[in-house]
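See below for the structure under consideration.
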Protein chains: 2
Amino acid sequence: MDIGSRTELLRSVGLFRGLEREDLAAVAEAAREQPFSRDETLFSQGDDATHGFVVGWGRIRLDKVTPEGQNVVLRHMGPGDMIGIVAVLRRIPFPATPVALEDGLALSWSAGRFAELMNRFPPIALNAIDVVGGRVEELQRRLQEVATQRVEQRIAATLLRLANQSGRKVEDGIEIPFALSRQDLAEMTATTLHTVSRTLSAWDSEGIVESRRSSHLVIRRPHRLAEIAEHA
Amino acid sequence: MDIGSRTELLRSVGLFRGLEREDLAAVAEAAREQPFSRDETLFSQGDDATHGFVVGWGRIRLDKVTPEGQNVVLRHMGPGDMIGIVAVLRRIPFPATPVALEDGLALSWSAGRFAELMNRFPPIALNAIDVVGGRVEELQRRLQEVATQRVEQRIAATLLRLANQSGRKVEDGIEIPFALSRQDLAEMTATTLHTVSRTLSAWDSEGIVESRRSSHLVIRRPHRLAEIAEHA
DNA sequence: AATCCCATTTGCGGGAGCGCAAATAAAGCT
DNA sequence: AGCTTTATTTGCGCTCCCGCAAATGGGATT
């Protein structure tokens, strides 16, 4: 991947918004390419934060495990999302583990390199605040959801959120274009895979979603799902 | 309050860490003082973010209400904490409402003034990332708690957290030095005031806490509480 | 001191969702 | 293709916790 393509990629990355093309090129040049394949982890929770990453392509799930070994899915990331950069800046170990859902490519910068870049291009710091602020908002919303809504509503809201973030229009609805197990959904909605399975089974037979084992999940009646999510 | 005292105050504020004394004085000078009294709100969720705040003294509870009117307590804040500054920087309406738990004083800066200061003193932006990163971490931990632990554990963990943040050693334990209703605790732990009441009653008769209606809550056996919090 | 107001307590019943366990069905491997 | 491994489904019982309702008791107000 040449510098030109990298630069092009970085143009749509929120973290580098407001940088001139030549500045972007400098940022791109400082990057290292890190390809990853399905099920691989970019790093592990607890590791020293030596590098920060930006996703080039491919989808990634961010996991956090409790001391007791229970897992919680914090978020899904895709092209343009930054990973681990806050940990780099705060000089703390990575607090979570990013797992690749499909093959892809990330760009990375060492901690020192990244500090240089931030120094040289002040907008980066402001953009970082914006991005992290967005994550705070998202987490607050999820906390609110878990605190006030029932499981069915949370699953519905989660599917709609995934559809908004990464959904693809297909013939008979909106497809979630990556593997999404019951367990994954359970870890996203603070419930068990059993309850997720029962819920999706019911929705499947009502024609709200199509969720066969083999293929990706398809939301057939998004409007109905939105009703379920909102109906307190 | 003169500039000297303000400067002294700002010395211990994370957001301004690394600034020289004279820089702090400039920041202090640009601030406006905003006293508040118990039960007052500094602003309301949904308001335009025209000012950012830093708590001088007094305790504040940060509330977020759902469209359906249910409330969730996001966090408690005290001296040195920043409030609303991320909303100012992101140019979004305030996403929550800070309610004073006791009389106190905040310093505030207008959006424009704050932007100037950040421009003039680059460390502020980096510190802001650090602070917001810390909030992300805290929210992730709470999400994990709500997702994986039972009510009793969550209440125990919350009391311990409050004790760590603001607890005062007293003769027979650690006191939470501000009003804390069952409803408040319920909104902090994603449960109902009934369940909180039942739990605290039980703990009271076991001598783990002392929680009479009139006075502040006292943790008598923190170690036991930690056991409850951890015992999966 | 009497009254009102509100937080808290507590009983009781019910329901949402968990957890175990076994059946079923895909997908991957050799 | 046959076998193993892993994901999903589904039944069943049970537990935790909610939600209603009524009682209790302080604190504040007059």
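What you are looking at is a predicted structure, and each value in this text was computed from that prediction instead of being measured. Here is the naming used below: chain letters follow the sequence lines, and residue numbers restart at 1 for every chain. Just so you know, these numbers use all the heavy atoms, side chains as well, and skip hydrogens, waters and symmetry mates.
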Residues [X] and [Y] bridged, charged N to O under 4.0 Å:
{"X": "E137(A)", "Y": "R90(B)", "answer": "yes"}
{"X": "R11(B)", "Y": "E8(B)", "answer": "yes"}
{"X": "E227(B)", "Y": "R224(B)", "answer": "yes"}

Exercise for review: Might you point out which heavy atoms bring Q153(B) and H231(B) nearest each other, and give the distance in Å?
Suggested key: NE2-O, 3.2 Å
Tell me the interatomic distance from [X], atom [atom1], to [N], atom [atom2], rounded to whole angstroms.
{"X": "E187(A)", "N": "dA7(D)", "atom1": "CD", "atom2": "P", "answer": "12 Å"}
{"X": "H194(B)", "N": "dA21(D)", "atom1": "NE2", "atom2": "P", "answer": "11 Å"}
{"X": "R150(B)", "N": "dC18(D)", "atom1": "CZ", "atom2": "C1'", "answer": "16 Å"}
{"X": "R154(A)", "N": "dC18(C)", "atom1": "CZ", "atom2": "P", "answer": "8 Å"}
{"X": "D39(A)", "N": "dA7(D)", "atom1": "CG", "atom2": "C1'", "answer": "14 Å"}
{"X": "R38(B)", "N": "dG27(D)", "atom1": "CZ", "atom2": "P", "answer": "14 Å"}
{"X": "Q183(A)", "N": "dG19(C)", "atom1": "CD", "atom2": "C1'", "answer": "13 Å"}
{"X": "D184(A)", "N": "dA7(D)", "atom1": "CG", "atom2": "P", "answer": "10 Å"}

Exercise for review: Examine H76(A) together with F178(A) and report whether their ring centres are nearer than 6.0 Å.
Suggested key: yes
Check your understanding: Given side chains that start at C-beta, do those of I83(B) and L42(B) come closer than 4.5 Å, heavy atoms only?
Key ->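 Yes, close enough: below the 4.5 Å cut-off.
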Point to revise | Residues from residues 195-210 of chain B lying under 4.0 Å of DNA chain D - heavy atoms | key: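 Of all residues in residues 195-210 of chain B, the ones placing a heavy atom under 4.0 Å from DNA chain D are T195(B), R198(B).
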Donor-acceptor contacts under 3.5 Å from residues 95-109 of chain A side chains, at least two apart:
{"unit_1": "T97(A)", "atom_1": "OG1", "unit_2": "Q45(A)", "atom_2": "N", "d": "2.8"}
{"unit_1": "E102(A)", "atom_1": "OE2", "unit_2": "R59(A)", "atom_2": "N", "d": "3.1"}
{"unit_1": "D103(A)", "atom_1": "OD1", "unit_2": "R38(A)", "atom_2": "N", "d": "2.8"}
{"unit_1": "W109(A)", "atom_1": "NE1", "unit_2": "V27(A)", "atom_2": "O", "d": "3.0"}

Exercise for review: Starting from the 5' end of DNA chain D, give me the residue, A190(B) or S211(A), whose nearest nucleotide shows up first.
Suggested key: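 On the 5' side of the pair lies S211(A).
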Exercise for review: Determine: side-chain N/O of R213(B) to OP1/OP2 of dG27(D), distance under 4.0 Å, yes or no.
Suggested key: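 No, R213(B) has no side-chain N/O under 4.0 Å of OP1/OP2 on dG27(D).
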Review point. Which residue, V151(A) or S215(A), contacts DNA chain C at a nucleotide closer to its 5' end, judged by nearest heavy atom?
Key: V151(A)
